[in-house]
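Reading through the structure tokens given below for one structure.
Read the numbers this way: they start at 1 and go in the same order the structure lists the ligands and their atoms.
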Amino acid sequence: ASRYDFAKLQAKWQKIWDETQPFTISDPTDKRPRKYVMDMFSYPSGDLHMGHAEAFAFGDIVARYWWQQGFQVLHPVGWDSFGLPAENAAIKRGTDPREWTYANIDQQRASMKAYGVAVDWTRELHTSDPEYYKWNQWLFLKMYEKGLAYRKDSWVNWDPVDQTVLANEQVLADGTSDRSGAVVVKKKLTQWYFKITDYADRLLDDLNQLEGSWPPKVLAMQRNWIGRSTGADVHFTVEGRTERVTVFTTRPDTLYGVTFMVVAPESDLAAELVSGQDDAMIRAGFQDYLTQVQKSSEIERMATDRPKTGVFLGRYAVNPLTGERLPIWAADYVLADYGHGAVMAVPAHDQRDLDFARKFDLPVRVVVDVNAPVTGLIPTLEIDENGQAILPDDLPPVDPAVTGVALTGVGRLINSGPFDGLSKSNAIKRVVETLEGADNGRAAKTYRLRDWLISRQRYWGTPIPIIHGADGVEIPVPEDQLPVELPPTEGLDLKPKGSSPLGAATDWVNVPDPRDGSPALRDADTMDTFVDSSWYYLRYMNPNDDTRAFDPAEADKWAPVDQYVGGVEHAILHLLYARFITKVLFDLGYVNFTEPFSALLNQGMVLSGGSKMSKSKGGVNLGDELSSHGVDAIRLTMAFAGPPEDDINWEDVSPAGAAKFLARAFRLANDVTSTPDAVWADGDVALRRQTHRLLADAPSLVEAFKFNSVVARLMELVNAIRKVIDSGAGPADPAVREATETVTLVLSLFSPYTASEMWERLGYDSNVATFGWRKADPTLLVETSVTAIVQVNGKVKDRFEVSPKITSDELEALARASHAVAKAVGEKEIVNVIVRAPKLVNIAVR
Ligand code: ANZ
């Protein structure tokens, strides 16, 4: 009965948890404080893998920790179950995407339960259920009403293999699709967009309030993605055209250095300028060039090192400050959808403009003296220690047209009429004022962020709730007719072809016009699945409510999410979209907060042989690991491996060691002979001190995600208990019970099966997970912990907080168990180990 048999424990406790559902939040009168802990929901593309196991272990430690601290913890689970992989699998097998999807969900759900995650199963949701996606449609309609959902013709990223539109974010740096790997091309289509650009400033500025609770890297990536630039819009008149052309520039101070203008070849402006020109050769040359440009990707086009190409459009603009005539060119280094799709070219001070000018023999005029001193409004001379003016050296003239290097540094303006002598920032101010005074421009901001393209020409997603009248008018589906359910797949060809398969669902797509009953058509596109995940944290409030998307009062109680846990692969898109939709819902009055996730933890990756594990590359199989070592040992291994943000190389960790430790801890619960009413004050003082030290230290360690330190301290305490049992006052010592109970309570964060069984064997019929954290007795805390350092060949490899009374053997064992130390030792031979307890272990290897 006392043997540690993890399979038996798992079977026993899983059944109990299934029956009792101990983590269900259902009592609205519960007065305990609240925490909302959420894991990024899973895409059901197969069974759970090592990556899920890692993320769910960390999320669960946090959730269980708050339960122990006396909180009610909302820790829900769901499936992100719409999307391309299901559709592609269905096409391959000739089945319905529903079959594949829901079979995978069943499998993942069973694995998740077996993994012992403390979730509220009554709130499970699947985004592919009509009960869920109905509310995507509701959200769409709300946004449509506010002008935040709109349709436009535009050049989109087209994946020729999957035959679908991709968001910019889904196009990798090398210009290929993140899904199919195909080279992405441009195609003109009418598409639905969400107006995220209206929120660019708020999305950027509110990142400041997440400083310190989101990973710095994620904040930087978000800032970069939004990419705010400040500068000016400058209007140029064009000869033979009434309307002016506007350009965005970050350097209005260089306006005197403009020697030509460049427009994006595929912009409407380029087409219009060239059509107003008589020379047929120029028109034909432009058409040829345009065709060539459309074959290259945006990334290629923006690369600075790429040879410049372009054509002269035969038209001229006029510099608003100097009246100078500027030839207008079309070139692909100017993008149609950034700024105004046109630039004022300043070749002396912009590298791409310079490369272009050199290639096509256009003039280069220096207007900033980058060698001039830059302080003050008027040029001042520096004074040396003798009070003598230091005269500027006679610097050799640099001519960018000769050197090929643009002068991008700061300096003072030259060749700029009334602005000569001004430094950059002062010149920007003056030039913008002058432009504004003459209605030739104004201060302006531009963003890299584009509107969110949400329509997809695929089946397995949320239908867009719009009907198109025969007269071309868009009619929102009345709210009481939601959901617009997906039709069955029978008779539909799901293969990608550039238009939605739903268009062929005749019975579904043909509907009476809600205005007068005349023939009309449903919009056949479906939504990007990032819409589903942008607000799911709110649907968890009450996923079965069929009267509203979520209950604002419940959202007020629980949201924003206190701790969000998931992969860094979602650092940009998903988080940006969820932040955007939260702000939209705030503006619509449905929520009282503007950021969805107060804190974010990005777990590292689980690697095998140094590379990311995946189905295609093989690697460690979660199911195999769980059956060899048990759920608790795998979870403990994840926690003990190191900081959760770091990658775990599965070869460097020891699930077998974790299992051994669990068996050791488990034996303690069998050995304790005192009863729960034992008087602890009578126990071994040294052991009591160590117990209370752990109780005092563990909370801040867990809150700082130093799970590995807590596990190391648990190992230490287990050893200390064993020593008292073997050589001290024996198993009847009340301190042995107190310490073993503490081990059990803390262990329940990491290894719930083992802890539950230990708790029962210790004589309790309560749930160890919600028993509550014991308060450390301050009188037992006088002895503080010290930091032990482990060196390998003199280099520090790891640190532990240990008791000052730790023995040399214990310290050495801890050092040898360290993942970082094992990594440093590697295949080498250990030739000597010096232990200076409690502070140092030095391992010499050869
Ligand atoms: C004149 C100038 C002079 C510029 C100079 C830069 C340096 P960021 O900072 O990335 O926002 N630009 C504007 N619209 C563009 C487009 N659609 N495609 C490509 N380039 C475009 O870049 C802003 C600068 O990029 C703008 O400032 C403009 O060139 C160019 F010494 O104007 B600048």
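Annotation: Tyr577 is in aromatic contact with Trp452 [ring centroid separation under 6.0 Å]. For an aromatic pair to be called close, the ring centres must be under 6.0 Å apart, and Phe260 with Phe356 satisfies this.
Using a 4.0 Å cut-off to heavy atoms of Ser229, the atoms of ligand 1 that qualify are 8 (P), 9 (O), 11 (O). Within ligand 1, counting atoms from 1 as listed, the ones closer than 4.0 Å to a heavy atom of Met344 are 1 (C), 32 (O). The atoms of ligand 1 that sit less than 4.0 Å from any heavy atom of Val343 are 12 (N), 13 (C), 14 (N), 15 (C), 20 (N), 21 (C), 30 (C). Taking every non-hydrogen atom of Thr254 and a distance limit under 4.0 Å, the qualifying atoms of ligand 1 come out as 3 (C). Numbered from 1 in the order shown, with element, the atoms of ligand 1 that lie under 4.0 Å from a heavy atom of Val334 read 16 (C), 17 (N), 18 (N), 19 (C). The distance from ligand 1 to the heavy atoms of Arg448 drops below 4.0 Å at these ligand atoms: 8 (P), 10 (O), 11 (O). Heavy-atom proximity to Arg251, at under 4.0 Å, picks out these atoms of ligand 1: 2 (C), 3 (C), 5 (C), 6 (C), 7 (C), 31 (F). Within the listing of ligand 1, atoms 1 (C), 3 (C) sit less than 4.0 angstrom from a heavy atom of Val346.
The option from Tyr338, Tyr333, Phe248 that lies nearest to atom 19 (C) of ligand 1, judged by heavy atoms, is Tyr333. Nearest-residue assignment for atom 31 (F) of ligand 1 (options Gln351, Lys445, Lys424, His349; heavy-atom criterion): His349.
Between Asp350 and ligand 1, no pair of N/O atoms sits closer than 3.5 Å. An N or O contact shorter than 3.5 Å is missing between Gly339 and ligand 1 by distance.
The salt bridge (charged side-chain N to carboxylate O under 4.0 Å, His left out) test applied to Asp587 returns Arg202, not counting sequence neighbours. For Glu645, there are no salt bridge (charged side-chain N to carboxylate O under 4.0 Å, His left out) partners at least two apart in sequence or on another chain.
Salt bridge status for Asp528 with Arg456: present, with a side-chain N to carboxylate O gap under 4.0 Å. We find that Arg442 and Asp233 are joined by a salt bridge, their nearest charged nitrogen and carboxylate oxygen being less than 4.0 Å apart. One finds a salt bridge joining Arg241 and Glu272 here, because a Lys/Arg side-chain nitrogen approaches an Asp/Glu carboxylate oxygen to under 4.0 Å.
Residue-ligand proximity: His340 is placed with every non-hydrogen atom at 4.0 Å or more from ligand 1. Not a single heavy atom of Thr446 sits under 4.0 Å from any atom of ligand 1.
Note that Lys308 lies outside the cation-pi zone of Phe360, set by a 6.0 Å cut-off to the ring centre and a 45° limit from the axis.
Of the options Asn426, Thr434, Leu255, a side-chain contact (heavy atoms from CB on, under 4.5 Å) to Phe419 is made by Thr434 and by none of the others.
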